[in-house]
Amino acid sequence: NIFLWINQGVGTFTYIDKIVQLVISDYLIPVSFSVALVGLWFGWRNNEMRDRHQRAVMIAIASTGLTNVAVAIINNHWFRLRPFASYQLELLFYAPTDSSFPSNPAAITFAIATGVWFANKKIAILMYAVSVVFGISRIYAGVFYPLDVIAGCLLGISVSILMRHTIKLIEPIPTVFLRITRAFCLS
């Protein structure tokens, strides 16, 4: 019922549909988050801030990889049809063929936002807001159910928190990695 309520406006408000099509694209949000991570990696003159941000970027990138693996494992064991396969909907997006649950885009954006949270709360809050809009837009477009997005959100956040603890446990490795990247002017 929540899905149908959110999706009912498709085709009624063409200007909203155009904005949603831009937001849900495979490029706008993922590329924007990638550019933000590059900015966080290179954008600090203060050594302490640079180190904190670079560690957060490492957490975000590692979380992205691990989140993709977790989504793939869940999808291999449980397949859920997409909303457009169950209802007659006007799609604003291409028709993906993979499982709807959990939402991989939501999981990834929330994993990145959580990784950034550990270093820069202001940027992370903006990323969380964009992630929420991204998820709701994909529900509106008929690609995911609300539970898919919520599960993706929780998965991404959980994996990122787990990755933060893992990075702390393997501590000499991140420090050595950062020293090597700095020696080659890569950070």
Side-chain angles (χ1 to χ4, degrees), residues 18-74 93-94 96 98 102-138 141 143-144 149-187:
K18 295 290 182 193
I19 292 169
V20 167
Q21 284 176 323
L22 177 67
V23 169
I24 65 172
S25 77
D26 287 333
Y27 305 106
L28 180 66
I29 305 303
V31 170
S32 298
F33 276 34
S34 298
V35 169
L37 290 178
V38 170
L40 287 168
W41 184 266
F42 290 107
W44 306 96
R45 296 190 192 278
N46 176 325
N47 285 338
E48 178 194 345
M49 290 293 287
R50 180 176 61 177
D51 189 70
R52 246 181 48 212
H53 284 93
Q54 288 174 345
R55 288 175 188 277
V57 169
M58 285 192 295
I59 292 168
I61 291 171
S63 298
T64 299
L66 191 56
T67 298
N68 274 319
V69 169
V71 168
I73 290 168
I74 292 168
F93 196 65
Y94 64 85
D98 59 336
S103 168
N104 194 26
I108 296 303
T109 56
F110 276 93
I112 292 171
T114 303
V116 171
W117 175 265
F118 301 127
N120 193 318
K121 298 203 182 348
K122 288 180 184 178
I123 293 173
I125 288 170
L126 177 61
M127 290 177 129
Y128 280 129
V130 169
S131 297
V132 168
V133 169
F134 191 46
I136 291 172
S137 295
R138 289 211 168 201
V143 181
F144 290 109
V149 172
I150 292 168
C153 160
L154 295 174
L155 178 64
I157 291 170
S158 300
V159 167
S160 199
I161 291 169
L162 174 70
M163 194 52 59
R164 180 177 190 217
H165 293 297
T166 303
I167 293 281
K168 285 181 177 180
L169 287 175
I170 62 168
E171 178 34 51
I173 296 171
T175 301
V176 169
F177 175 77
L178 287 174
R179 283 185 189 149
I180 292 169
T181 60
R182 289 179 186 142
F184 289 100
C185 299
L186 297 173
S187 63

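Heavy-atom basis, side chains included; hydrogens, waters and symmetry copies ignored.
Under the side chain to side chain donor-acceptor pair (under 3.5 Å) criterion, Ser131 pairs with Thr109, not counting sequence neighbours. Contacts of Thr114 classified as side chain to side chain donor-acceptor pair (under 3.5 Å), with partners at least two apart in sequence or in another chain: Tyr128. Not counting sequence neighbours, the partners of Glu171 by the salt bridge (charged side-chain N to carboxylate O under 4.0 Å, His left out) test are Arg55. Residues that satisfy the side chain to side chain contact (heavy atoms under 4.5 Å, CB included) test with Val38, not counting sequence neighbours, are Phe42. Evaluation of the side chain to side chain contact (heavy atoms under 4.5 Å, CB included) rule for Asn46 yields Glu48, Met49 as partners, not counting sequence neighbours. For Ser32, the side chain to side chain contact (heavy atoms under 4.5 Å, CB included) criterion is met by Leu28, not counting sequence neighbours. For Ser63, the side chain to side chain donor-acceptor pair (under 3.5 Å) partners at least two apart in sequence or on another chain are Ser160. In this structure, the salt bridge (charged side-chain N to carboxylate O under 4.0 Å, His left out) partners of Arg182, at least two apart in sequence or on a different chain, are Asp51.
Within the 4.5 Å cutoff, the side chain of Trp117 has heavy atoms near those of the Ile125 side chain. Between Ile136 and Phe144, every side-chain heavy-atom pair lies at or beyond the 4.5 Å cut-off. Between Val130 and Phe33 the shortest side-chain heavy-atom distance falls below 4.5 Å. The closest side-chain heavy-atom distance from Val143 to Pro96 is below 4.5 Å. Within the 4.5 Å cutoff, the side chain of Thr64 has heavy atoms near those of the Ile112 side chain. Under the 4.5 Å side-chain criterion, counting only non-hydrogen atoms from C-beta, Asn104 is not in contact with Asp98.
A ring pair (Phe, Tyr, Trp, His ring centres under 6.0 Å) check over residues 158-187, counting only residues at least two apart or in different chains, returns nothing. Each salt bridge (Lys or Arg N to Asp or Glu O under 4.0 Å) pair with one or both residues in residues 115-135, not counting sequence neighbours, would appear here, but there are none. Listed by first and then second residue, the salt bridge (Lys or Arg N to Asp or Glu O under 4.0 Å) pairs that reach into residues 21-43 are Asp26-Arg138, sequence neighbours excluded. Applying the salt bridge (Lys or Arg N to Asp or Glu O under 4.0 Å) test to pairs two or more places apart or on separate chains, none has a residue in residues 102-118.
Contact record, Gly156 with Thr67: CA-OG1, 4.2 Å, taken as the closest heavy-atom pair. Nearest heavy atom pair, residue Gly152 against residue Pro102, reads N-CB, 3.8 Å. Residues Ile24 and Phe134 approach most closely at CA-CE1, 3.9 Å, considering heavy atoms. Annotation for Val20 and Ser137: closest pair CG1-O, 3.6 Å, computed over non-hydrogen atoms.
Considering CH2 of Trp41 and CD1 of Ile61, their distance stands at 7.0 Å, rounded to 0.5 Å. Distance check, rounded to the nearest 0.5 Å: CG of Leu126 to CG of Asn120 gives 10.0 Å. Atom CZ of Phe110 is separated from atom CG of Leu155 by 12.0 Å, given to the nearest 0.5 angstrom. The line from CG of Leu37 to NE2 of His53 is 11.0 Å long, rounded to the nearest 0.5 Å.
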Go through the steps for Ile59 and Thr166 under the test side chain to side chain contact (heavy atoms under 4.5 Å, CB included), then give the verdict.
CA-CA 9 Å; Ile59 292 168; Thr166 303; over 6 Å; no
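Formation of a donor-acceptor pair under 3.5 Å by the Ser25 side chain with backbone atoms of Leu22 is found in this model.
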